[in-house]
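The chains referred to below are lettered A, B, ... by the order of the sequence lines, with proteins before strands, and numbering in each begins at 1.
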Amino acid sequence: MTIESAGQHEGAEVTLRGWLYNLRESGKLLFPIFRDGTGLMQGVVSQKENPAAFEALRGLTQESSVIVSGRVRAEPRAPGGYELAVSEVEVVQRVPENDPYPIQLKEHGVDFLLDRRHLWIRTPRQAAILRIRAEAIRAAREYMDDQGYILTDTPIFTPAACEGTTTLFEVQYIDEQKAYLTQSGQLYLEATAAALGKVYCFGPTFRAEKSKTRRHLTEFWMLEPEAAYAHLEDMMALGEGLVSHMVQSVLKNRARELETLKRDTSKLAGVKPPFPRITYDEAVETLQKRGNPAKWGDDFGGDEETILSSQFDRPVIVHRYPAAIKAFYMQPDPERRELALGFDTLAPEGYGEIIGGGERIADYDLLVRRLRENNLPEEAFQWYLDLRRYGSVPHAGFGLGLERTVAWICGTEHIREVIPFPRMIYRVYP
RNA sequence: UCCCCGGUAGCUCAAUGGUAGAGCAUUCGGCUGUUAACCGAAGGGUUGCAAGUUCGAGUCUUGCCCGGGGAGCCA
C-alpha cells in the first residue's frame, strides 16, 4: 500500500515500505510517523498489546528504513485522518545513533540544506514541489502533443553561441576542438520546424552568467516550440494556452501538494486564456505613470516586471519591444521597423519572465546584416542561413522557463527549490 | 564584475570590549493519545582564516576565504 491511497484501505491489513519520519514516545505508547514518498502516515504501537513491534520501534532513529504491517483505521487525532495500528516491524537499515540524520524537523539555513540537497528532498515540502514539477512537465508535453507539435530534441553540445549575448560554458570536445553547452535549442528548432512544421524541444539549458538571484540557475529546463508559417499572434496564443494548461493541471492533479505548500490557489484558479496583452509602448507609459524612471528604449528589470505584472490576476504579455534590445534574429515589425515582433510573458506575484519569444527573420539578406551588426561568426551560422536559402518561410516560436513557471505555481521564494539538484553560480554540489 | 548582508556547539540562534549560553539533536531516566510531544539529567566549542588595536577581542580595525540577497544579463 502507498500512504497516498490509505483512505481506500480502511480496516484492511496492509504493509508499508518506507522510512521513519519521526517518532514520538509516550511511555508505553509509541507514535511513529512513516514516510513512503507519497505522503506521511502516523502509526501507533502499544507495549502491552504488541511488545515485539514496540521494542523494534522504540528509540529507532529518524529516517531509518522500515517495513511495517498493520491495520488502517480512521483516526481524527492522526494527521491525514488515518492511522496504522502497527503489528509487525522490520527494520531494513537503522540510522546509527552516533551519526544521526542531519536534517531535523525544524528550521535550517539555506546553505546547510543546499549542501544536503540529496537528503533535503525527502522532506514533505520538497517532495511536494518535485511532484508538482513532474505534473507541470507532464501537462506541458501533453498540451504540445495535443496541439500537433512534434518533439524534436536539440543538441546540448553546440559549436557556437545561439544568441551571442550570454556567456557560455565551454567544454573540451575530443582533441583540440572546443564546444559549448547549449543556451537555447531555438536555431535547431527552426531547422526541424522547416522539416516537420510544428515542433518543440524540452531539455536542459546552460547559462554561465554570474547571476545571483532567486530567479536564476546556471542549468535550467526550457520548453521551446517553433512553427513554420506561424506569426507573433499565434505564439502569444500558444504560450497562454500552454501556461494555462500547466496551471490548471497542477490545480486538478496536485491539489494535495499545493495544500502541503500552503499555496493560495485562488491566485492560480483564474489563470486561463486570454492573458492581457500590452505593447512595449504602453508598458513604458504605465511604468512612468507609476513613477518608475523607465524610458523608451530601456529593457525591463525585475522591478519593472513586478510593477507591470502586479496589475493583473494572470500572466501579462508584453509585445513589440524595441529591436535594439532584442536578439539578432527577431523579425522587425513591418508597421514600425524600430520594433521587433517579440513578446515576453510575465508571471504574476513578481516571478518575472516565464516566456520570451517571437517571430524570426525569414529574409536571407536581413539576417546576414544582423549577424554582422552583432559581430557573430558567419561561418558558424552557414547551416542556419541555409534555412533562408532553401524555402524560407515566416516562422515563430518561444522559450518557456520551466523552473520559473513551477516556482510561480508553487509560490516558492527561490527557484532553486523547484529542481531536484540546482546548479547555481558557486554551487555544483551535490 | 559591482553593491549590500552574514559566518559562535551537529542544527537554529543569544552573548554593553570583562568567566562563551539557550532550544533542538545525541545519550540516560520518566510518562497509555502524542501532533516539530512533554518533563528531568548528562556530554558537546580553534567563535570562518590571518594579522592588528587593547591590561583584556565572539564583540573594534585591515586583509583573505566561504555563503546569501540584489544589480547588470536573461528563462
Mind telling me whether A:F381 and A:F328 have parallel, tilted or perpendicular rings, with 30° and 60° as the class edges?
->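 Taking A:F381 first and then A:F328, their aromatic rings stand perpendicular (interplane angle over 60°).
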
For the residue pair A:Y280 and A:Y321, does the interplanar ring angle fall in the parallel (under 30°), tilted (30 to 60°) or perpendicular (over 60°) class?
-> tilted

[X] (side chain) donor-acceptor with [Y] (main chain) under 3.5 angstrom:
{"X": "A:T61", "Y": "A:P96", "result": "no"}
{"X": "A:R277", "Y": "A:F275", "result": "yes"}
{"X": "A:E403", "Y": "A:F220", "result": "no"}
{"X": "A:R404", "Y": "A:I415", "result": "no"}

Return the value, rounded to whole Å, for the distance between atom CG of A:L30 and atom P of B:U34.
->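 Value for this atom pair: 14 Å.
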
Ignoring hydrogens and angles, does a donor from either the side chain of [X] or the base of [N] sit under 3.5 Å from an acceptor on the other?
{"X": "A:H108", "N": "B:C11", "result": "no"}
{"X": "A:S211", "N": "B:C74", "result": "no"}
{"X": "A:E25", "N": "B:G30", "result": "no"}

Tell me whether the side-chain N/O atoms of [X] come closer than 4.0 Å to OP1 or OP2 in [N].
{"X": "A:R215", "N": "B:G70", "value": "no"}
{"X": "A:R24", "N": "B:U32", "value": "no"}
{"X": "A:R214", "N": "B:A75", "value": "no"}
{"X": "A:K212", "N": "B:G70", "value": "no"}

Roughly how far apart, to the nearest Å, are B:U8 and B:G29 at atom P?
->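 Going atom to atom, P in each nucleotide, I get 33 Å.
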
Of the listed nucleotides B:A75, B:C11, B:U32, the one nearest the side chain of A:L29 =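 Output: B:U32.
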
Starting from Watson-Crick (N1-N3 plus N6-O4 or O6-N4) and G-U wobble pairs under 3.5 Å, report the runs of at least three that RNA chain B belongs to.
-> B:1-7 with B:65-71, B:10-13 with B:21-24, B:26-30 with B:38-42, B:48-52 with B:60-64

